[in-house]
Amino acid sequence: MSTFRIAIVGAGPAGYFAAQALQNSQTDQLTFSIDMIEKLPTPWGLVRSGVAPDHPKIKTVSKVFEKIATTESFKLFCNVELGKDITLEELETNYDAVVIASGSSRGRKLGIPGEDLRGSFSAAEFVPWYNAHPDFVDVDIDLSCDTAVVIGAGNVAMDVARMLALEPSELDPTDTAEHALERLHSSSIRKVHICGRRGPEHAAFTSPELRELPKLEHTDVHIDQHQIQAAKDRAEAEGEVPKDVKSNLDTMLAISDAEKKNHARSMYFHFLSTPLEIRGNSKVEEVIFGINEVKDGKVVPTSETFSIKCGLVVSAIGYEAEEIAGLKYEGGRVLNIDGRVTGKHIYVVGWAKRGPSGVIGTNKSDSSDVVKLLIEDLKAPKNGADLGDILSKRGVVHISQANWELINQAEVAAGEPHGKPRVKFTDRKRMLGFAG
Ligand code: NAP
C-alpha cells in the first residue's frame, strides 16, 4: 500500500473539495495523508469572509468542510503563511504533491482618475471588513454620507449594495462583524446606486440574488423598465434567449413594475454606464459615468455623460490572485494547464486556477478534476519531514483542527444570547490563545 503526502494551501471551498476528492479516491492500495495550510487563524475561506452575512444557508456548506477535516489523515495548520513560515520549495521537497487553493483576494482596479480618493474602496476591502476578516478590521469605512455608488453588475456588487441599502436591524441576527454592524446602524446612507457598464442582458447577477431584492422590507428598488424592456427586445431579436438571461430580465422587469413603498432607503440600478472618473477634493464627491448604447450587438460609448453625487464608492469588478513566490501568473491567476502547474508536482484549484468565477459548488467538480490529474502523475511516495516539527522548530504557533473547534464553539456560544449564529473573533492574539 502507498500513502502519499499532499499539502493543500488555502482552507477555502476549493481546498476542502480537493481534500474530499483525495479522500474519496482512496483504495486498499492508495491512501493520502493531507496537510491543509491556511494563513488566517481560521479556516473556511470565502464561506467565512466572503459570503454575505444575510445568506446563512450558503454557509451551511461548512458542515461538509468539517466532515472532511475530521476524517483520519487530515491535519489543519491555520496561522501558517506560505512564503513566510514555510516556502513553496520546502513544501515541494517534503510532499508528493502541493495543491494551491489560495483564491483571489486582490480587487481589480478600475484604472480611472480619483480611484484612490478617500471614500473609494474595492469590494476586496469592503466585503472582508463586514465579514470580520482580521486584516480588515481597521478599514475606515465612512458611512456618514447619504449616497453610495457600487460599480459592477455581478453578485459581489449585489451583496455590497444590499448590505449598504438594507435596514441594519435585518443584520442583527446574522454574523456580521461587530464593528461593521455598529457602523451600519449609525449609517446615513439612504441611496445606493449600482452601475453596470453593459446592458441588463449582460449583467452577471444571478436570478436568485435578484429575486431577493423585493423581499427587502425597508428598501425600495428602482430599475428603469424601458431599459429592461429594450434589453429583452435586443436579446429576443438575436434568437433564443438563454434561460438564465431570460430569468434575470423577467425578474428585473417584475422589480421595475413593483409598487414602491416610499421607504427611506432605496437602491437604483443603472446599466450601460461606464465609470470615467471619481471626483472630489480630498475625498469622494461624485462619480462621472459615460452613457453607452448597444449598436449592432456591441456596447459602444456615446458622447453623453451623467454624474452621481456620493460620499462612498465601492468597486466590485472582480479579483486577482495574490502572487506566491515560485509560481508564474497570467491574467490574475496561476499559470496552469487544467490545474497542472507544468514541470512541478504543483496543482492549482479554485479561483487561483480559473479566476473569480462560479459559485461555491463549482469548486467541487473543478477540484475533483484536478485531483484526478494529480493522482495520475503520482510515482513513489517521498519520505518528507513532518510539517508540525518544522513549524515548532521555527516557533510558529499554528491552529490545529482541535484548536479551531474550540474557537468555533466559543464563537457560536458568544452568538447564542443574541440570537446570532456566531460572533466572529477578529483578534489574532485571542484566537492564538486557543492554541495554548
Ligand atoms: P463577476 O460576476 O465577474 O462580475 C463582475 C462585474 O464587474 C461585471 O458586471 C463586469 O462587467 C464588471 N466590470 C469588470 N471590469 C469593469 C470595469 N473596468 N468597469 C466597470 N465594470 C467592470 O464578479 P463578482 O461579482 O466579483 O463575482 C465573482 C464570482 O463569485 C461570480 O461567479 C459570482 O457569481 C460569485 N458570487 C456568488 C454569490 C452568490 O452565489 N450569492 C455571491 C457573490 C459572488 P462586464 O461583464 O462588462 O465585464
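What you see is a predicted model, and the numbers here were worked out from it, not measured in a lab. Each ligand, and each atom within it, is numbered from 1 in the order the structure gives.
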Considering only heavy atoms, does Asn155 approach ligand 1 within less than 4.0 Å through its side chain, its backbone, both, or neither?
both

If you scan protein heavy atoms around atom 39 (C) of ligand 1, the nearest is Glu209 OE2, 3.5 Å

Within-cut-off N or O pair, Gly152 and ligand 1, under 3.5 Å:
no

Quick one: nearest non-hydrogen protein atom to atom 4 (O) of ligand 1, plus distance?
Gly154 CA, 3.6 Å

Run the salt-bridge test on Lys232 and Glu201 with the 4.0 Å N-O cut-off and return the result as yes or no.
no

Test: Arg265 and Glu167 ion pair at under 4.0 Å:
yes

Under-4.0 Å protein heavy-atom contact, atom 18 (N) of ligand 1
yes

Chi angles and distances behind the side chain to side chain donor-acceptor pair (under 3.5 Å) call for Arg118, Asn281
CA-CA 10 Å; Arg118 197 151 55 84; Asn281 276 323; over 6 Å; no

Out of all atoms in ligand 1, which are within 4.0 Å of some heavy atom of Ser357? Include the element for each.
32 (O)

Just need the protein heavy atom nearest to atom 5 (C) of ligand 1, so name the residue and atom and give the distance.
Ala316 O, 4.0 Å

Taken to the nearest 0.5 Å, the spacing of Asn24 CG from Gln20 CD works out to 5.0 Å

Return a yes/no value for Arg198: is any of its N or O atoms, backbone included, closer than 3.5 angstrom to an N or O of ligand 1?
yes

Taking the basic N atoms (NZ, or NE/NH1/NH2) and the acidic carboxylate oxygens, is any pair closer than 4.0 Å for Arg106 and Glu125?
no

Is Lys295 paired with Glu293 through a side-chain N to carboxylate O contact shorter than 4.0 Å?
yes

Do any heavy atoms of Phe205 fall under 4.0 Å from ligand 1?
no

Inter-residue atom distance Lys215.NZ - Leu166.CG, 0.5 Å rounding:
14.0 Å

For atom 15 (N) of ligand 1, what is the closest protein heavy atom, and at what distance to 0.1 Å?
Arg197 NH2, 3.4 Å

Any protein heavy atom under 4.0 Å from atom 23 (O) of ligand 1?
no

Ala204 heavy atoms within 4.0 Å reach ligand 1 at atoms 2 (O), 4 (O)

Is ligand 1 less than 4.0 angstrom away from at least one heavy atom of Thr206?
no

Under 4.0 Å, counting heavy atoms only: does Gly196 come that close to any atom of ligand 1?
no

Looking only at protein heavy atoms, what sits closest to atom 28 (C) of ligand 1 is Pro356 O, 3.5 Å

What residue and atom, counting heavy atoms only, is the protein's closest point to atom 32 (O) of ligand 1, and at what distance?
Gly358 N, 2.7 Å

Can you check whether Trp351 has an N/O within less than 3.5 Å of an N/O in ligand 1?
no

Contacting atoms of ligand 1, where contact means under 4.0 angstrom from a heavy atom of Ala153:
6 (C), 8 (C), 9 (O)

Residue part near ligand 1, for Asp159, under 4.0 Å between non-hydrogen atoms
side chain

To check your reading of the model: name the closest protein heavy atom to atom 26 (O) of ligand 1, its residue, and the distance in Å.
Val156 CG2, 3.3 Å

Output, in order, the C-alpha distance, side-chain angles, deciding distance and verdict of side chain to side chain donor-acceptor pair (under 3.5 Å) for Tyr268 and Asp224.
CA-CA 9 Å; Tyr268 300 83; Asp224 178 354; over 6 Å; no

Separation between NZ (Lys372) and CG (Asp377), nearest 0.5 Å, reads 14.0 Å

Thinking salt bridges, do Glu322 and Lys39 make one under a 4.0 Å N-O criterion?
no

Report, in ascending order of atom number, the atoms of ligand 1 lying under 4.0 Å from any heavy atom of Leu110.
19 (N)

Flag the pair Asp250 and Arg211 as a salt bridge only when some basic side-chain nitrogen lies within less than 4.0 angstrom of an acidic carboxylate oxygen.
no

Residues Glu286, Lys309: salt bridge by 4.0 Å N-O rule:
yes

One finds that the ligand 1 atoms under 4.0 Å from a non-hydrogen atom of Val359 are 40 (O)

Identify whether the distance between the nearest side-chain nitrogen and carboxylate oxygen of Asp140 and Arg183 falls below 4.0 Å.
yes

Considering only the protein, which heavy-atom contact is closest to atom 7 (O) of ligand 1, and what is its distance?
Ile317 CA, 3.3 Å

Answer yes or no: is there a side-chain heavy-atom contact under 4.5 Å between Cys145 and Arg190?
no

